[in-house]
Amino acid sequence: MSERYDAQAVEARWQAAWEEAGLFRATLSGARPTYYVLEMFPYPSGRIHMGHVRNYTMGDVVARYKRARGFDVLHPMGWDAFGLPAENAAFERGVHPAEWTYGNIATMRGQLKMMGLSIDWEREFATCHPGYYAHQQALFLDFFEAGLVERKEAWVNWDPVDRTVLANEQVVDGRGWRSGAPVEKRRLAQWFLRITRYADELLEALDALPRWPDKVRLMQRNWIGRSEGARILFPVEGRDEALEVFTTRPDTLFGASFCALSPNHPLATALAASDPALAAFIDECNLAGIGERDIEAAGKRGHDTGLRVRHPFAAERTLPLYVANFVLMDYGTGAIFGCPAHDQRDLDFARSQGLPVIPVVCPPGEDADAVEIGDVAYVGDGTAINSDFLNGLAVEDAKASAVAALAERGLGGSAVSYRLRDWGISRQRYWGCPIPMVLCESCGVVPVPREELPVRLPEDVTFDKPGNPLDRHPTWKHTTCPRCGGAAVRSTDTMDTFVDSSWYFARFCAARADVPLPAPEVEPWLPVDQYIGGIEHAVLHLLYSRFFTKALKLCGHVAIEEPFSGLFTQGMVCHETYRDAEGRWYYPDEVETRAGRLVAREDGRPVTAGRSEAMSKSKRNTVDPEAIIEAYGADTARLFMLSDSPPERDLEWTDTGVKGAWRYVAAFWRMVASPPVALPPPGAGAPAQGTLAPPLRALRRSIHRTVAGVTEDLERFRFNRAVARVRTLTNELSAIEDTPGAGPVMREGLETAVRLLGPIVPHLAEEAWRCLGHESWLAQEPWPEPDPALLADDVVVVAVQVDGRKRATISLPADHDKAEAEEAAMAEGGVRRALAGREVRKVIVVPGRIVNVVT
RNA sequence: GCGGUCGUGGCGGAAUUGGUAGACGCGCUAGCCUCAGGAGCUAGUGGGGGCAACCCCGUGGAGGUUCGAGUCCUCUCGACCGCACCA
């Protein structure tokens, strides 16, 4: 008996050998087709987690599989290395963000290498390195020149204690996450990328991404939120201006009973200057929490400006103009007309203000005179009533007529509005890519000359005070204006880290090039053939990358339309949670079972197991990948990651499941190291089917069917099924009898299984390949091809039903006809018994599938 | 509220896409073996009935279409996810 499989030694040996041989270097042979597989690169938080293991295992399976299929494969890795946690570490522990980040990268690189990933490490980069962000600044200038960059005032979350702008996710219950101070809405000058310019393109191109999950495309569609409607002008009484409003329901215009402005609408601001009560109301709205819950709690409130606007279709009709808390400034025009009868929000507001409710759409089949609106607005289809020239028209026709009439009067026309807003990329932080712009008192906004790039982050910064270290650095921001030569200041904003991740996929094609994206190196690889990552990036990262690709194309950097032609979103890795009576969380390795009860390992206090949830530090339900790899080896971890659940679904991490994966690894090794039958030497070729005994013939068919099945499963990302198939084959091989001819079949079976396992458990497979007497790299061996002649059985088993219930199975030649099947079915005892005393009315025969006898 | 996904043994899941439900694995049961290991081997394992051959029930629930439904349709219950005053 051979000794136990020593995963750690085997894995370390092959990892070193692969690296030394440079097997995974991505090269453009020109002769083979290219394939670019990419997993979302990690944030260097400190250590890899199980989500990374799952993500990178899947990507590695694809990379190794495609290599075996004859592709030149690009499979790179890098680091999404800018971001706030590095600054928090600096603030809390006094370590410089760069030092913290590069230290984490070193640790995590080592951990990833332990996984045996077939990555081209020569292309590795970190986005915080000037060699990367220098090019990002150049791209920013290109975008600026192309008119895609804009500096404008925007409402932001301002933390008055930390003196910084906060992202929405850093505002918890209306307070800054670190200072705890109530966040204010402030208007500040910010840098924006004009993603809205591409709103329609980004929307329409979703249809050209068939290899993206429907769910993601739908989420992006909703995020862009295109809606068609009308722009309407309401002349303001006593003022020489008109209020512009966007609506999707111009057909309900005759039901209007008020207009309302957002608290931040310019007209509201202007009116507030001479109306202290209004000013107070607006302040109140801006101070109120920005969370939806807060708004819900506040209810619909408004302040009557005293102004009245004229109805565009009936000059004699005027409507009150309010400022209302529920009107959003960043959607449409920041002002609405309210038709309470057919919009729930307007109805709520109208009821609270005592405004009239005029039904103007009659639901189908109802009497126009009897239409009444209670507490629920009618938003459905119907026929226009109480609407002058629109009366009798269906909703869609009424919309068209209303728009035409508005255009005729010069009081509006059709319009499209989007939920998508321009991308504010300014962050008042240190650890990010500096925005290469200078602000000059006389010249305004001036780009930094290209020869001065990169604008480097200063290293001598302090984090002991709140606010932006770049802004308070003694010298860094002071510079001269590139245009007039006068004193000027640099923009002290850095870029949102989503900018960094919006083009890294392209940079991997030419990671060290001295221009951002040299076409000869970049074009053969792009777009990414298969992108893999978490669903949490369904909108932002993936939408920004799509926008960036269009912008890069506009500026001549790439020729592609879309960054990722295939996208796969994997599920999360979950684990049970453990808490004691006081609500304290415990890590899985801090609890154990004693006398059938879960207790804390340390003090034996009882612990209850809660539901399985996504692994997170806060719930302490994480399992450290490195510990698993040290205990069982990377192959076991990889196998488990793939085998227990479909990849798009959440995976429940269980210790027993991991042990099961380990058992398979060890058992497979045992079978290869000491096979149950003697193997002929390698290279003898496939055994001749005709000479074999029936069980060996069947086994060979099974081998070739497994190849076909696993191939299809891998192509379709059904890794769990692929694993199940190889396990089935392994079970069959281990049951082989020592009969004449068994040796060659066993060799064929083992070699096939090893090749099929290559992408999944690469170290075990490589070791087994050598053990079987080969001297080549399994990692470079071609994928097996099934023999088509062996895919079809010569005998098939067909179920026989009587009135739809299975009564027997019959064996038939594979090429049987209907009559044959019917005859065999009728002869079957179970069928005859079930038919006793009944009259056969019909027999349905689907050859190879089923016989159904109907009585 | 709007949009979406999903409900299959004790558990994770499979089912040639309308054709033998429960592959593969975990767990469990019984037995064997042993240099007592993170073992290994054999058999069994949806529920119920029967000595047995077999029979009945069974894919969240209720209907429907069909020779035939886990799969399609309608309603319903439940879980999860995304968006959320988007005019």
Side-chain angles (χ1 to χ4, degrees), chain A residues 1 4 213-216 218-219 221-223 225-227 229-230 245-249 252 260 292-293 295-296 298-300 324-328 330-339 342-346 348-349 379 417-421 535-536 538-539 612 631-632 636 639-640 643-646 648-664 666-667 670 709 712 718 720-731 734 797-810 829-830 833-834 841-846 848-855:
Chain A
M1 214 40 188
R4 206 167 74 87
D214 290 341
K215 182 186 168 76
V216 174
L218 184 68
M219 282 168 74
R221 202 165 280 132
N222 293 340
W223 188 266
R226 182 182 203 273
S227 42
V245 151
F246 174 78
T247 182
T248 55
R249 296 296 302 273
T252 65
E292 296 81 35
R293 298 287 112 71
I295 295 168
E296 193 119 5
K300 293 200 172 33
N325 64 342
F326 66 97
V327 181
L328 304 174
D330 3 347
Y331 186 78
T333 63
I336 60 159
F337 84 79
C339 173
H342 306 292
D343 183 289
Q344 192 59 47
R345 298 157 301 184
D346 297 346
D348 294 343
F349 186 74
V379 297
S417 195
Y418 300 87
R419 205 188 85 106
L420 181 71
R421 295 161 206 171
I535 186 77
E536 65 273 20
V539 178
S612 180
Y632 297 99
T636 294
L639 181 64
F640 178 67
S643 58
D644 245 37
S645 290
E648 69 278 6
R649 247 190 262 180
D650 287 353
L651 171 78
E652 165 85 2
W653 181 275
T654 61
D655 200 42
T656 50
V658 179
K659 288 197 166 105
W662 159 253
R663 273 205 293 276
Y664 178 76
R670 266 198 310 279
E712 199 201 330
R718 299 164 87 151
N720 56 324
R721 297 203 332 171
V723 170
R725 277 187 216 274
V726 184
R727 292 184 91 129
T728 306
L729 176 61
T730 308
N731 292 345
S734 69
V797 178
V798 170
V800 184
Q801 301 179 333
V802 175
D803 293 330
R805 305 159 86 101
K806 189 179 91 173
R807 293 301 173 186
T809 56
I810 51 177
R833 226 175 302 125
R841 294 185 15 211
K842 188 152 69 155
V843 180
I844 285 140
V845 182
V846 183
R849 291 235 198 274
I850 201 121
V851 177
N852 192 5
V853 184
V854 185
T855 65

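Values below: every heavy atom of this structure, side chains too, minus hydrogens, waters and symmetry copies. In what follows, every chain begins at residue 1, and chains take the letters A, B, ... in the order their sequences are listed.
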*Regarding A:Tyr664 and A:Thr730, is there a side-chain donor-to-acceptor distance under 3.5 Å anywhere?*
yes
*On a whole-Å scale, what distance lies between the P atoms belonging to B:rA14 and B:rA53?*
32 Å
*Just call it for A:Gly332: base, sugar-phosphate, or nothing, with non-hydrogen atoms closer than 4.0 Å on any strand.*
nothing
*Heavy atoms under 4.0 Å, any strand shown: does A:Val327 hit a base, just sugar-phosphate, or nothing?*
base
*Considering every strand shown, what is the Watson-Crick or G-U wobble mate of B:rG10 when both distances are under 3.5 Å?*
B:rC26
*Side chain of A:Arg649 only, please: which of B:rC56, B:rU20, B:rG13 is the nearest?*
B:rG13
_Under 4.0 Å, heavy atoms only, any strand: does A:Lys659 hit a base, just the sugar-phosphate, or nothing?_
nothing
*How would you label the contact of A:Thr247 with the nucleic acid (heavy atoms, under 4.0 Å): base, sugar-phosphate, or nothing?*
sugar-phosphate
*Assign A:Arg841 to base, sugar-phosphate, or nothing according to its heavy-atom contacts below 4.0 angstrom with the strands shown.*
nothing
*Give A:Arg727 one of three labels, base, sugar-phosphate or nothing, depending on what nucleic acid heavy atoms sit under 4.0 Å from its own.*
sugar-phosphate
*Report the nucleotide, chosen from B:rC55, B:rU20, B:rG38, that has the shortest atom-to-atom distance to any side-chain atom of A:Val797.*
B:rU20
*Touch class at under 4.0 angstrom, heavy-atom based, for A:Ile844 against every strand present*: base
*Starting at the 5' end of RNA chain B and moving along, which residue's nearest nucleotide shows up first, A:Thr248 or A:Val723?*
A:Val723
*asked:* Counting the atoms with a prime plus P, OP1 and OP2 as sugar-phosphate, which does A:Ala538 contact under 4.0 Å by heavy atoms, base, sugar-phosphate, or nothing?
replied: nothing
*asked:* Can you say whether a donor on the side chain of A:Lys300 sits under 3.5 Å from an acceptor on the base of B:rC85, or the other way round?
replied: yes
*Pairwise P distance, B:rU16 and B:rC67 [rounded to whole Å]*: 22 Å
*Base, sugar-phosphate alone, or nothing: which one does A:Arg663 contact when heavy atoms must sit under 4.0 Å apart?*
sugar-phosphate
*Using a heavy-atom cut-off of under 4.0 Å over every strand shown, decide if A:Asn731 touches base, sugar-phosphate, or nothing.*
sugar-phosphate
*With a 4.0 Å cut-off on heavy atoms, is A:Arg226 in touch with a base, just the backbone sugar-phosphate, or nothing at all?*
nothing
_Complementary nucleotide of B:rA39, counting Watson-Crick and G-U pairs under 3.5 Å_ = none
*So does A:Tyr664 reach the base of B:rG25 with its side chain, donor to acceptor, closer than 3.5 Å?*
no
*Identify whether any heavy atom of A:Glu652 sits under 4.0 Å from a base atom; if not, whether one sits that close to sugar-phosphate; answer base, sugar-phosphate or nothing.*
nothing
_With a 6.0 Å cut-off on the ring centroids, do A:Trp653 and A:Phe640 count as close?_
yes
*asked:* Measuring to OP1 and OP2 of B:rA53, would you say a side-chain N or O of A:Arg807 lies under 4.0 angstrom away?
replied: no
*asked:* Regarding A:Asn720 and A:Ser643, do their side chains bring together a donor and an acceptor under 3.5 Å, going by distance alone?
replied: no
_Applying a 4.0 Å non-hydrogen cut-off, can you work out what A:Asn720 is touching in the nucleic acid: base, sugar-phosphate, or nothing?_
sugar-phosphate
*asked:* Measuring from the side chain of A:Tyr331 (C-beta onward, heavy atoms only), which nucleotide among B:rA21, B:rA87, B:rC67 has the closest atom?
replied: B:rA87
*asked:* Considering every strand and a 4.0 Å limit on heavy-atom distances, what is the contact class for A:Thr654: base, sugar-phosphate, or nothing?
replied: nothing
*Whole-angstrom distance between B:rU71 and B:rG64, as gauged at atom P*: 14 Å
*Which nucleotide in the list B:rG82, B:rC57, B:rU17 gets nearest to the side chain of A:Arg849?*
B:rU17
*Please state the P separation for the pair B:rU5 and B:rG9 - nearest whole angstrom.*
22 Å
*Can A:Lys300 be said to sit on top of A:Phe349's aromatic six-ring, NZ or CZ under 6.0 Å from centre and within 45° of the ring axis?*
no
